Amino acid sequence: SPHCIAMCGAACAGIGRAARPHGTQALLLFQGGRLAGYAALGAVAAASMQGLGWLGGQVAVLRPLWTLVHVAAVVLGLSLLVYARQPLWLDLGARRIWARVRPGTQRLGRVAPLGLGAAWALLPCGLLYSAVMVAALSGSVFNGAAVMALFAVGSGLVLFAGPCLLLRLGRFGGNGG
């Protein structure tokens, strides 16, 4: 929660502020979009890993590749732990995807917070990618989606309450909020 509010709290408050006078509704739509986007990402990650695992079990030549995927996941996790940041190649790839998705969210009108929340799953975030890795190794598509849905709910609590507090303080703080 501290990481999430520090990195995304102001952006979430901006979503609520831009949607005035329906800021709370916009934040709820955004959180619903995040939940859906994160769950879908977890399901895709788990399905990809499951498919590769099945293929590795069926084709003997792919078994070393399956082992290599697990070793790469451990190495990436250790890298995130040691350096406390994501590798540049991962960050740049996510930024390219986000640059393509972001303009589409601006054309959604009143449901833009929902679309933006769903696209939020593509943001370059080491903590998010760590959760995706857990989802990928969860064993089933349902479990992968559940892992990411729980991550979205846990981080969503602070990403809803924090911006609501910021918006309320802005309204009563005398800055014209």
Side-chain angles (χ1 to χ4, degrees), residues 1-12 15 29-105 113-162:
S1 291
H3 168 86
C4 296
I5 194 68
M7 299 305 291
C8 295
C12 292
I15 291 166
L29 276 173
F30 171 74
Q31 293 303 330
R34 272 186 69 245
L35 179 66
Y38 282 25
L41 181 62
V44 167
S48 299
M49 192 63 82
Q50 241 185 328
L52 187 57
W54 176 84
L55 196 56
Q58 301 301 316
V59 181
V61 74
L62 291 178
R63 286 189 185 122
L65 177 63
W66 180 239
T67 302
L68 186 63
V69 167
H70 280 88
V71 170
V74 169
V75 168
L76 179 60
L78 289 173
S79 164
L80 290 169
L81 180 67
V82 170
Y83 294 111
R85 63 176 176 81
Q86 60 197 9
L88 186 59
W89 62 267
L90 189 58
D91 185 51
L92 292 176
R95 287 178 191 266
R96 274 188 240 122
I97 292 170
W98 178 246
R100 290 179 186 217
V101 169
R102 194 173 104 195
T105 63
L114 183 67
L116 185 59
W120 208 261
L122 303 176
L123 279 177
C125 173
L127 186 60
L128 173 63
Y129 293 150
S130 297
V132 171
M133 189 175 303
V134 171
L137 298 173
S138 67
S140 75
V141 172
F142 176 79
N143 288 346
V147 164
M148 291 306 295
L150 289 172
F151 180 79
V153 168
S155 59
L157 293 174
V158 73
L159 287 177
F160 178 76

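Nothing here was measured: the structure is a model prediction, and the numbers come from that model.
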Going from CZ on Phe151 to CZ on Arg34, what distance comes out if it is rounded to the nearest 0.5 angstrom?
7.0 Å
What is the distance from atom SG of Cys12 to atom CE of Met7, rounded to the nearest 0.5 Å?
12.0 Å
Within the side chain of Ser48, is there an N or O that forms a donor-acceptor pair under 3.5 Å with the backbone of Val44?
yes
Where do Gly9 and Leu159 come nearest, in terms of heavy atoms and distance?
N-CD2, 3.9 Å
Quick one: closest heavy-atom pair of Met49 and Leu137, and the distance?
CE-CD2, 3.9 Å
Ignoring hydrogens, what is the shortest heavy-atom contact between Ala47 and Val141? Give both atom names and the distance.
CB-CG2, 3.6 Å
If you measure from CG on Leu35 to CG on Leu150, what distance do you get to the nearest 0.5 Å?
9.0 Å
Phe30 vs Trp120 aromatic rings, parallel, tilted or perpendicular, using cut-offs 30° and 60°?
perpendicular
Can you tell me how far the CG atom of Leu157 sits from the CD1 atom of Ile5, to the nearest 0.5 Å?
11.0 Å
Atom CG in Leu29, atom CG in Leu116: separation rounded to 0.5 Å?
11.0 Å
Is the CE atom of Met133 crowded by more than 12 outside heavy atoms at less than 6.0 Å?
yes
So which heavy atom on Cys125 is nearest to which on His3, and how close?
SG-NE2, 3.6 Å
Give the minimum heavy-atom separation between Ala46 and Ser138, together with the two atoms involved.
CB-OG, 4.1 Å
Where do Val158 and Cys4 come nearest, in terms of heavy atoms and distance?
CG1-CB, 4.3 Å
